[in-house]
Each structure stands twice: as structure tokens, then as C-alpha cells.
Amino acid sequence: MQTQTLPRSIESKEPAPNQMKCLVKENLNVNGFSLKTDVPKPPLGFDEVRIRVLTTSVCGTDKNIYLSSTNEGIRKEMQRYAANKEDYNPIIVGHEFCGIVDEVGPGVTPDRWSSVPRQLLIEPGDYVTAEMHLSCGHCLQCHTGNAHICASVRVKGVHLDGCFAQWVCLPYKNVILLGKDGNTTEIPTRIGALLDAFGNAVHILQASDVRGKSVAILGAGPIGLMATCLAKAFGATRIYLTETTDVDRRCALGTTFGADECLNVSQGSHALYQSVHKHETRCNGVDVVLEVSGAASAYQDAFHVVRNGGIVILFGIPRGPLSHFDIAESVIWKGVTVQGIFGRRMFDTWETMLRLLRSDQFDIKSKLDKIVAQKHYRLDEHQEAFQDLAQSKEMKLIFTPNGPQD
Ligand SMILES: [Zn+2]
Ligand SMILES: [Zn+2]
């Protein structure tokens, strides 16, 4: 029998009016996503904004959801709000995006905000992104300016329908204006798709003062590379960066972004320990460690290389509980300060990142652009996209649910 070569990807059929194309996680025990072309366009709530998605990017959480059959942590998280812990209602995945406002609900009218200048309003046709963590507004954390760690946060694309879709709806207060009247010149759509992730990196750097400090950044994936740019921009005096995969490309970028040393720790941490020992002669380690990899060995490295009285910021999520973690030796006797980072502060992290992008100091936009794959993927190319990520062909990918974008 002769085998026929199929085209690399097949264009999916176009949805009927008022329906849309999207990627759905149907079953947590099965890897992958399903492309749907008959999902109703999301209905607009009273205080909501419906956005036509231009670009949407893929992050580590999406990879974990894609491979959920082998990741108990993400399965549990996605079932967190189910009435019965065994239940799971399929959702549209994806949580990093930018787009154009399609329609606003009756609770979002210029009349209501008549004293607000037009350039601050969010209106149909505006270019926006959004904070996809929906806080409850009522818990102690929400009441005390810490909505990013809201006790009942719901994340679009994890607990609720997300943005690997042609349209997404969000509460007005979560929408961030990037450009009036669809103006994407200041923040291009390749960068607009990354702001959720860039906000994580900004939040990490907001958590510790790195001015005049030595900093070890463990993990040179997208967040680690963004953190490297920011640590350099914010005045770190020496930056160590480590990585285990795709080391040549990531280290080349890391060096361009400001790392003084990029170390391959795939075969062990000796080179990192030796370098810290050689350079940090005034003390017994680095001032600040930013753990952004989630690799089990990186937690050992973090507490090994931090100096007594130093700071360890934890952002990467390990696959499960850490065994053999000696808290007395790692934290107590060294007098180390440890802080976990989740999401972005609402909304001071957003204000800081918009200022960084708009001023474009430190060439931050062109650096962010270098992290993203040149090729943009259609939603129906999702299998190829996740394969390219799994094989480390690319670090950060973009889908264009409504057709090609610049
Ligand atoms: Zn993400
Ligand atoms: Zn809350």
C-alpha cells in the first residue's frame, strides 16, 4: 500500500457566525488539547469586556496542562473549585494574550465614568491585555492590597475559560489599556502577548532590591531571561545565570541581556559553586537568588549559593514536594529570607511594566522580542507548537487565533 504524505498542518474549518475556534482541555487524564470550531462566542456580562484575541503566548503552565496526565499538581489545581473533587468541566485554555476590544457590557459605559478623560477609558476598538487572575475582592488579602494572593483566586485558562480562542471576556477592572483606537505601535502584539509573563519577572524583581547586589538567577527560560534584563537594568553588580537545556542559545541570550556568567548545570552544580566561591570573596555567597526553574536540584543550589542573611525568591514550581530539604541548614542557621512569588501585584506590577515598555529604557522591547519564536502558529497547529516546545526548538510561542499579525 502506498502511504500518502499529509500536509504538515491542515487548516481547520471556519466557525459559523457567533461561534469560535478555540483550544479546549477536555480530559485531565489525557495529554493534549482539542481544537473546537463550534464553541459559542462568549456572552458578555454586565461589567465585562469582550476582546478579539490578536496574539496569545504559551507558558510553562500551559505545557503542564497539555501534559496533565503525568502532572498530578496541575490536575488538582484545575479541579480546585469543582463541587466534587473528582469532577472537571472542560475549559478553554490559555492565559497570556493581547487583543482588540470588541464590545463592552452595559456596566462599562463612558457615561458612568464621565469625569474620566477618554484616553483612560476602555472602549470598543482599543488595544488591550488583561490580568487573568480574578480576585474575589472580599478576602483579607484582597482587602489589604494583596489581591495577587487572593484566597479564592480564579485564573482564566486554568479554572475558567481562557484565551487560546478568538474571543475572551473579562471583568472591566482586569483589562489593561495598551493603545487607544487599536494603536499597536508603542507595544507590538508580539510583546503584548507576553505581558503576563513579563509581569511575573517584574514582580520577582519588585520583591528584592538588587541595586549593588550579586544575583544568581536559576533557570534561563523566558522568565529567567526577562529577570536577567531587569536585574541588570535595576543595578545588580554581578549576575550568575544557570540552565540545563538548550544551553547554548539560552546562554547566548543571557549574556546579551546582562548576565556576567552563564553556567551549564545539566551535569551538576560544581561550576556554579566554584564561580560563586571565586567571585564572592567578601561573603560566603550571593546576596539574592531568584529561582525560576522549578527543577528539584535548583532548590539545593539556591540555598547553597545564597550568603548568610541573603534573600531567596522562589517562583519556579517544583513537580512535587521536595525531599531531603534541610530547613535548619538551608534557612535558619544562615538567616535567609525566603519569599514566594505568584502572579503580578494588582496593579502596581502592571504600572511598572507599562512604564518600562513605554520608556523602552535598557532596550527592553527588543530583548523581549528575541525570546519569542519568529514563526506564529495557528490554533490548528497546536500539536506542532507543543512538540516544538517539548523538543526545545523554541522557548516561547505565539498563537494567532484570528489570523496572522505583525
Ligand atoms: Zn503563564
Ligand atoms: Zn480575595
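Both counts, for ligands and for their atoms, begin at 1 and track the order of listing. When reading the values below, keep in mind they use all heavy atoms of this one structure, side chains included, and skip hydrogens, waters and symmetry mates.
- Put simply, the angle at the Zn ion (ligand 1) from SG in Cys59 to OE2 in Glu96 is close to 90°, to the nearest 10°.
- A donor-acceptor pair shorter than 3.5 Å cannot be found between the side chains of Thr55 and Gln405.
- Between the side chains of Asp38 and Gln19, no donor-acceptor pair of N or O atoms lies under 3.5 Å.
- Taking 4.5 Å as the limit, some side-chain heavy atom of Arg50 sits within range of a side-chain heavy atom of Cys169.
- Rounded to the nearest 10 degrees, the angle SG (Cys139) to the Zn ion (ligand 2) to SG (Cys136) equals 110°.
- With a cut-off of 2.8 Å, the Zn ion (ligand 2) has an N, O or S atom of Cys150 in range.
- Taking the ring centre of Phe347 as origin, the terminal cationic atom of Arg344 falls outside the region bounded by 6.0 Å and 45° from the ring axis.
- For the Zn ion (ligand 1), the nearest N, O or S atom contributed by His95 is named NE2.
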